[in-house]
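Note on naming: letters A, B, ... go to the chains in the order of the sequence lines (proteins, then strands), and numbering restarts at 1 for each one.
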2 protein chains.
Amino acid sequence: MRERDQDQAPRLRPAPRLMLRESVYESLKRLLMDNALEPGTRLSIDGLARELEVSQTPVREALFRCEAEGLVVRRPNAGYLVAPLLGRDALLDLYDLRLLLEPTAAARAAANATERDRQDIDDAVRAMAPAVHGDSYQAYREFAEEDAKLHGTIANASGNPLIAETLDRLRAHVHSYRLYFRHGIAEVTAGEHQAVSDMIRDHDQTGAEQAMRIHLENSRTRLLAAYDQD
Amino acid sequence: MRERDQDQAPRLRPAPRLMLRESVYESLKRLLMDNALEPGTRLSIDGLARELEVSQTPVREALFRCEAEGLVVRRPNAGYLVAPLLGRDALLDLYDLRLLLEPTAAARAAANATERDRQDIDDAVRAMAPAVHGDSYQAYREFAEEDAKLHGTIANASGNPLIAETLDRLRAHVHSYRLYFRHGIAEVTAGEHQAVSDMIRDHDQTGAEQAMRIHLENSRTRLLAAYDQD
DNA sequence: ATTTCCAATATCGTATCCGATTTTCGGGTG
DNA sequence: CACCCGAAAATCGGATACGATATTGGAAAT
């Protein structure tokens, strides 16, 4: 590593004081979401380390975290693989859990959200509008990221950070995205999102709960349809 | 390459290959549950490494995981601390989430559990009986561990592994245990557990759901009472 | 073509080293 | 006496090198 300072050593501070493991984790997630890696691809620790130009230490920790989130799978003593796409049953399990948490979260958000929360939610809904008409995979990815942000904002507004954290950990948007991309779907959910946002804005708890439930059930149906048509 | 020709017979493995990070993680959890460490105690990485007689690498990964579970907190560039006990609000948040998941899990267990699952649940209930009368902190710990096992078994029987995994990640038993220990409580919950088990055995979904809800609400009330009397 | 063996390769853990930041502690100042 | 400042010590996040063990892919042998 001494030699590398010589051959291309820009004087600029290479210091993204952002905790290298975090940025490695983000890079890895980005790799998965860009669909650059087929499910089943080997993720060699020091291969990634070289590619990202870091040492193995942060890569290990990033993979460790991805494993906990189901984005990669580990074979003992034999490295990591890109996790397979969600199977039909795993998809149902995922939505099952979301349906337990998110409608309740929406209802609580309707009850507890601050004025600023409601504004953030509405902003997030509006931010998604431009993303729905693209066709490139970047458009898909932006859509998924905005969707994640919206659902996260609602969960945060619920007043129970543990719920928000639990949902975040499911990485539902990453899993869904991989499926969406695979099947070439990018449903327009603007109307459903708007409905949830409106209910929260109006402090309508049962309305928000219903709207979120309907949104999730529709989303599940769309993904399942894509599954079955294969 | 030498003696391998001879002994392909069942040789006992000295089991060095059990993933050191896992056992470090278990040791750390044990340390917390033995209440050997006051909340706020510094957990120096290489201090732990020396104490457990391993290198720093597995300690790092174990701490990383404990952090995700809220058992320790990290101060950037300044090490880890034993997490503070759950505050009143965090306790309510935790039970809030459990009340969303566990009654549903119990209902599904009543619907989906195999005969073997029902037997396991009943065994777990029975296993707790001897633990309730001890007075040492070991008795407390065994109680907490058995309780965790019972709730985990029910969640597994629900048929949705994601729900089980999510509950497991909350480490509710560790957090509760630390509170119980601090306040010197060890409630006898045998009756409530038996009720849940009976309902599941009888395939009574709404009964199981109700029984679990009542159990959790009682548990919450007991912990809150301990809080308020301080 | 199937099986056996072996060398290449990768993981997991260890040991060390380094720069950077945090913490601690001692002293000077108001 | 309290407060602030600055240097020393401790420790983190990361890099690198190395060893033991397990997997893997291919060649040799049956």
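Here the nucleotide nearest the side chain of B:S55, chosen from C:dG13, D:dG14, C:dT11, is C:dG13. Closest to the B:R42 side chain, of the nucleotides C:dA10, D:dG13, D:dT11, is D:dT11. Nearest nucleotide to the side chain of B:L20, out of C:dT11, C:dT14, C:dT21: C:dT14. The side chain of A:A78 has D:dT23 as its nearest neighbour among C:dT14, C:dC12, D:dT23. Nearest to the side chain of A:Y80, among C:dT11, C:dC12, D:dG13, sits C:dC12. Between C:dC12, D:dG14, C:dT11, one nucleotide has an atom nearer to the side chain of A:R74 than all others, and that is C:dC12. Closest to the side chain of A:I45, from the set C:dC12, D:dC12, C:dT14, is C:dC12.
If you measure from atom CG of B:L43 to atom P of D:dA10, you get 19 Å, rounded to the nearest angstrom. Rounded to an integer number of Å, the gap from B:E53 CD to C:dA15 C1' is 16 Å. In this structure, CD of B:E51 is placed 13 Å from P of D:dT11, rounded to the nearest angstrom. Atom P of nucleotide D:dG13 and atom CG of B:L63 are separated by 9 Å, given to the nearest angstrom. Counting to the nearest Å, the P atom of C:dT14 and the CZ atom of B:R50 are 14 Å from each other. Atom CZ in B:R60 sits about 9 Å away from atom P in D:dC12, given to the nearest Å. Across the protein-nucleic acid pair, B:R21 atom CZ and C:dT14 atom P stand 12 Å apart, rounded to whole Å. One interatomic measurement links the two molecules: CG of B:D46 to P of D:dA9, which rounds to 17 Å at whole-angstrom precision.
Nucleic acid contact class of B:S44 (heavy atoms, under 4.0 Å, all strands): sugar-phosphate only.
Checked against A:S197 for a side-chain contact (heavy atoms from CB on, under 4.5 Å), the options A:I154, A:T153, A:V125, A:D123 give a single hit: A:V125.
Of the possible donor and acceptor atoms, one in the side chain of A:R118 sits under 3.5 Å from a partner among the backbone N and O of A:A113. Judged by distance alone, with hydrogens and angles left aside, the side-chain atoms of A:S158 form a donor-acceptor pair with the main-chain N or O of A:A155 at under 3.5 Å.
Using bins of under 30°, 30° to 60° and over 60° for the plane-to-plane angle, the ring pair A:H193/A:H151 lands in the perpendicular bin.
Residues B:R178 and B:P84 share a closest heavy-atom pair of NH2-O, 3.4 Å.
If you find the closest nucleotide of DNA chain D to A:P76 and to A:T57, the one lying nearer the 5' end belongs to A:T57.
Contact between the side-chain N/O atoms of A:R75 and the OP1/OP2 oxygens of D:dT24 is found at a separation under 4.0 Å.
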